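Quick note: numbers below take in every heavy atom, side chains included, and nothing from hydrogens, waters or symmetry partners. Bear in mind the structure is a predicted one, so any value in this text is a computation, not a measurement.
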Amino acid sequence: MSLTETDRPALQPPATRRPVSGRRRWSGRTALVLLAFMLPAIVFVGVFTYYPLLSGIQMAFRNYNLNDLSDTSWVGLDNFRTLLDDQMFRGTVANSIVWVVGSLVPQFLIGFAMAMWLRRRFRFRGAYQALVFFPWAVSGFLIGILFRWMFNGEFGVVNDLLMKSHLIDTPVPWLADARYAMVSVIIANVWYGVTFFAIMILAALQGVPEELYEAAAIDGAGKVRTLFSITIPSIRTTLALTVLLRVIWIFNSPELIFGMTGGGPANETHIVTSYMIQVTQEGDYGRASAMGVMVVFVLMLFAVFYLMAIRPRPSRPGRKGLA
């Protein structure tokens with residue numbers, strides 16, 4: 001027996017389903033849970049980073065001296081004018097340029113060469129890498145004390161080796177003579193910072209495909225051509241950012257100078273940041289804060305112009321690159 005049209009049940013449309021989304025729906029409870037987990041970090045960073053930063057900025061515009069806290073009035077740009085008229089401060093600016101350039105260039109060249117050497121596979125490669133990377137785990141102040149002993153004019157190992165090699169006849173006062181003091185601290189900083197470049201460049205070299213080197217070898221490219229056509233272009237971004245970071249760190253690294261010379265002799269090895277610490281120890285927080293503000297401003301300005309200079313530029317249409 002067949003069912004009539006009226007006897008058939010009415011066809012119900014299928015229930016509509018909500019589209020499944022890959023994102024979790026936010027709720028007030030979820031937000032509170034996330035805030036609870038983030039709150040300790042936010043408080044820690046705010047108390048130990050941003051609060052001192054803001055306090056230092058406002059101190060730079062006040063007459064803030066621990067020797068006389070009865071007058072902490074607003075002085076505007078007077079602290080900055082005092083620094084610009086300070087011959088000692090101008091000398092530290094020149095020393096800072098020598099310190100950064102004299103340390104950065106050898107660190108980069110030696111670190112690049114070490115990374116290229118450590119990239120090859122050879123016996124005990126892991127042990128060599130551990131020995132090369134070890135100095136980066138040591139405190140800069142401790143490195144300074146170590147090199148202060150090595151460059152000691154009376155019983156230092158540097159003078160002993162030079163005299164035994166008959167390169168000098170009398171001991172050289174490396175850290176007591178203004179002609180050699182800055183050279184000594186730069187040598188120590190080069191030894192200390194080579195590791196950073198070696199680590200970063202070696203990590204970048206691991207990502208260069210071996211097929212590129214094999215193709216270059218098939219085409220008959222030599223080592224120099226391969227270096228400038230494959231290796232350096234492949235790690236260009238890492239090299240640029242590593243140089244930027246190292247410039248900032250060298251400029252803000254007075255601990256090695258304090259460990260070796262304390263800024264002497266006759267303030268000849270003081271850089272801006274080490275001089276800032278000395279002014280802070282004297283109690284003049286206003287002038288020291290002004291130096292800190294100037295350092296932050298100059299480094300930020302340098303970073304902006306540096307990143308603008310190294311950013312890749314779009315090639316013009318119809319213009320062929322060098323073969």
Side-chain angles (χ1 to χ4, degrees), residues 21-80 83 96 100 133 135-144 192-193 195-196 199-200 203 237-238 240-259 271-307:
S21 174
R23 298 181 181 178
R24 296 183 59 184
R25 296 183 59 186
W26 284 88
S27 63
R29 182 177 180 181
T30 304
L32 290 176
V33 171
L34 293 177
L35 181 61
F37 279 106
M38 294 173 61
L39 189 60
I42 295 174
V43 172
F44 185 86
V45 173
V47 171
F48 293 100
T49 301
Y50 292 107
Y51 176 73
L53 176 64
L54 296 176
S55 298
I57 292 175
Q58 64 92 17
M59 282 183 188
F61 299 93
R62 291 183 177 277
N63 180 30
Y64 205 99
N65 196 315
L66 293 184
N67 299 320
D68 184 13
L69 292 176
S70 60
D71 180 19
T72 58
S73 58
W74 185 271
V75 295
L77 299 176
D78 286 354
N79 289 325
F80 297 92
L83 286 176
S96 298
V100 172
F133 299 158
W136 193 246
V138 183
S139 166
F141 185 77
L142 183 60
I143 296 295
Y192 182 45
T195 299
F196 175 76
I199 294 173
M200 299 299 292
T237 302
T238 300
L241 294 179
T242 303
V243 169
L244 175 61
L245 290 175
R246 196 64 190 138
V247 167
I248 295 173
W249 287 347
I250 293 175
F251 199 95
N252 287 316
S253 298
E255 66 275 2
L256 193 146
I257 292 178
F258 266 98
I271 60 175
V272 173
T273 49
S274 63
Y275 183 49
M276 179 176 62
I277 295 176
Q278 177 179 310
V279 173
T280 304
Q281 292 173 344
E282 295 172 357
D284 195 347
Y285 277 38
R287 196 155 53 102
S289 298
M291 271 190 278
V293 171
M294 293 176 68
V295 167
V296 171
F297 177 77
V298 169
L299 290 178
M300 288 181 62
L301 200 63
F302 167 78
V304 170
F305 281 102
Y306 178 82
L307 293 175

In Å, rounded to the nearest 0.5 Å, how long is the span from [atom1] of [X] to [atom2] of [Y]?
X: Asp78; Y: Asn63; atom1: CG; atom2: CG; result: 9.0 Å
X: Leu307; Y: Phe302; atom1: CG; atom2: CZ; result: 9.0 Å
X: Phe80; Y: Arg287; atom1: CZ; atom2: CZ; result: 13.0 Å
X: Ser96; Y: Ile250; atom1: OG; atom2: CD1; result: 11.5 Å
X: Asn79; Y: Met59; atom1: CG; atom2: CE; result: 11.5 Å
X: Leu256; Y: Leu142; atom1: CG; atom2: CG; result: 10.0 Å

How far apart are the closest heavy atoms of [X] and [Y], and which atoms are they?
X: Gly56; Y: Ser289; value: O-CB, 3.1 Å
X: Pro52; Y: Gly46; value: CD-O, 4.4 Å
X: Ala36; Y: Pro40; value: O-CD, 3.3 Å
X: Ser253; Y: Thr273; value: N-OG1, 4.4 Å
X: Arg62; Y: Val75; value: C-CG2, 3.6 Å

Quiz: residues 276-283 side-chain donor-acceptor pairs under 3.5 angstrom, not counting sequence neighbours:
unit_1, atom_1, unit_2, atom_2, d
Gln278, OE1, His270, NE2, 2.6
Thr280, OG1, Met276, O, 2.8

Please tell me if the side chains of [X] and [Y] come closer than 4.5 Å, counting only heavy atoms from C-beta onward.
X: Ile271; Y: Phe251; answer: no
X: Tyr306; Y: Val243; answer: yes
X: Val296; Y: Ile57; answer: no
X: Leu77; Y: Phe61; answer: yes

Over 12 non-hydrogen atoms of neighbours within 6.0 angstrom of OH in Tyr275: yes
If the plane angle is over 60° it's perpendicular, under 30° parallel, otherwise tilted; pick one for Trp249 and Phe196. perpendicular
Taking only residues two or more places apart in sequence or in another chain, which ones pass side-chain hydrogen bond (donor to acceptor under 3.5 Å, both in side chains) with Thr49? none
